[in-house]
Asker: 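Have a look at this one before I ask anything.
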Number of protein chains: 2
Amino acid sequence: MRFNQATDYAFRTIFYLSRQEPNEIVEAKQIAEKENIPIRFLLKTVRLLTQAGIVNSYRGLKGGYALAKDPKDITLRDIVEAVEGPVLINKCLGDPKECSKDAASWCPVRRALYRVQQAANKELGKYTFNDLIKIYETECKKQ
Amino acid sequence: MRFNQATDYAFRTIFYLSRQEPNEIVEAKQIAEKENIPIRFLLKTVRLLTQAGIVNSYRGLKGGYALAKDPKDITLRDIVEAVEGPVLINKCLGDPKECSKDAASWCPVRRALYRVQQAANKELGKYTFNDLIKIYETECKKQ
DNA sequence: CAATTTTATACCTTTTTGGTATATTTATAT
DNA sequence: ATATAAATATACCAAAAAGGTATAAAATTG
């Protein structure tokens, strides 16, 4: 049970943009170099973030990407959902018909897993990129 | 971010065994039929559960599987860890060297994700198979 | 010893993942 | 206008993981 590489890159991309001046446009190349992300893959992934309204994109010379929102209004959950879609920790939680026993409607395992999923979503929704900057300042930067 | 099919089958296998008389031996064929699980795949998966000490296996005529513990002492987390290994929601949480930026030691994204992972584990550890039987009795059976 | 059950190992096919390539569109600066 | 530089759209590809199957061996019972 793991987030995929694209999501990891997206986290770092948004964290990088969060540390720039508000509305500062940064080109993909710069993000890719600073964050050590394959540029082609980054370009593809960032498109999901623009489609989700998390970043704005600008084409042409002097183009690039900038956050579409304040970092305090972007959570880890937003990124996950933009890149991978909603967290569904078991097949049957996406589509009840996926249960090979066709028991989703009354299955207690499913009910418990649903609560685990809710807890995970809640926790993912807790952390904004503003929080991450604060964590960085207080726990990381001094080292 | 999803548990795999083997884990799902394992949840249902343990739930099935939890509803038998204590120490009752049930053969794989019966579990597979009742739970609609491909038998070969089930046999392979259950081996992980025996290796983890969650079920006992008995070979030969009248052989099969029985729980090695009381259902009140088996949690969803135990099953997940037996089948998939520990929950690691991002690569870098397993091995810090997996970070393509080699930034794991100070990365605030990683720190936040670690907390999310802890929350997920905590919640998974909350539900025992005794709880699931109770959920079944109170929320499901009457329907 | 024969029948039945799990175990061990290996294999196979399909899907997902991670990444790349090419051509196109948009915007800027000269 | 035109050359340049950026994102976009589409398609493609290889490697890994997922999901499942097959066969032979080992253990247990009657």
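Remember, it's a predicted structure, so these values are computed and weren't measured experimentally. Values below: all heavy atoms of this structure, side chains included; hydrogens, waters and symmetry mates excluded.
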Asker: Can you measure B:Ile25 atom CD1 to C:dT4 atom P for me and round it to whole angstrom units?
Answerer: 17 Å
Asker: Just the rounded figure in Å: distance from C1' of C:dT22 to CG of A:Leu43.
Answerer: 14 Å
Asker: Assess whether atom NZ of B:Lys101 is packed by more than 12 heavy atoms of other residues, nucleotides or ligands within 6.0 Å.
Answerer: yes
Asker: Taking protein heavy atoms under 4.0 Å as touching, what does nucleotides 9-18 of chain C look like 5' to 3' if B marks base contact, S marks sugar-phosphate-only contact and - marks none?
Answerer: B--------B
Asker: Side-chain atoms of residues 86-98 of chain B: list all donor-acceptor pairs with protein atoms under 3.5 Å, sequence neighbours left out, distances to 0.1 Å.
Answerer:
unit_1: B:Asn90; atom_1: ND2; unit_2: A:Asp8; atom_2: OD1; d: 3.1
unit_1: B:Lys91; atom_1: NZ; unit_2: A:Gln5; atom_2: OE1; d: 2.8
unit_1: B:Asp95; atom_1: OD1; unit_2: B:Lys97; atom_2: N; d: 3.0

Asker: Are side-chain heavy atoms of A:Ser18 and A:Leu67 found at a separation under 4.5 Å?
Answerer: yes
Asker: Between atom CG in A:Asn56 and atom P in C:dT26, what is the gap in whole Å?
Answerer: 17 Å
Asker: Using 30° and 60° as the class boundaries, would you call the ring planes of A:Phe41 and A:Tyr9 parallel, tilted or perpendicular?
Answerer: perpendicular
Asker: Rounded to the Å, how far apart are B:Tyr58 OH and C:dT4 C1'?
Answerer: 17 Å
Asker: With the 4.5 Å side-chain cut-off for hydrophobic clustering, are B:Ile37 and B:Val26 part of the same group?
Answerer: yes
Asker: Would you please test A:Leu42 and A:Tyr65 for side-chain contact (heavy atoms from CB on, under 4.5 Å) and show each step?
Answerer: CA-CA 12 Å; A:Leu42 176 70; A:Tyr65 301 96; over 6 Å; no
Asker: Both A:Pro38 and A:Leu61 contact DNA chain C. Which one's nearest nucleotide lies toward the 5' end?
Answerer: A:Pro38
Asker: Just checking B:Tyr114: does its OH atom have more than 12 heavy atoms from other residues, nucleotides or ligands closer to it than 6.0 angstrom?
Answerer: no
Asker: Taking B:Leu76 as the fixed residue, which of B:Ile14, B:Thr128, B:Thr7, B:Leu132 is the one that meets the side-chain contact (heavy atoms from CB on, under 4.5 Å) rule?
Answerer: B:Leu132
Asker: Would you say the side chain of A:Ser100 lies within less than 4.5 Å of the side chain of B:Arg12, judging by non-hydrogen atoms?
Answerer: yes
Asker: Specify the separation, in whole Å, of atom CZ of A:Arg59 and atom P of C:dA27.
Answerer: 7 Å
Asker: Between C:dT4 atom C1' and B:Tyr65 atom OH, what is the distance in whole Å?
Answerer: 13 Å
Asker: Where does the chain A footprint on DNA chain D start and end, counting 5' to 3' with a 4.0 Å heavy-atom cut-off?
Answerer: D:dA5 to D:dT10
Asker: Provide, to the nearest angstrom, the distance between the CZ atom belonging to A:Arg40 and the C1' atom belonging to C:dA23.
Answerer: 11 Å
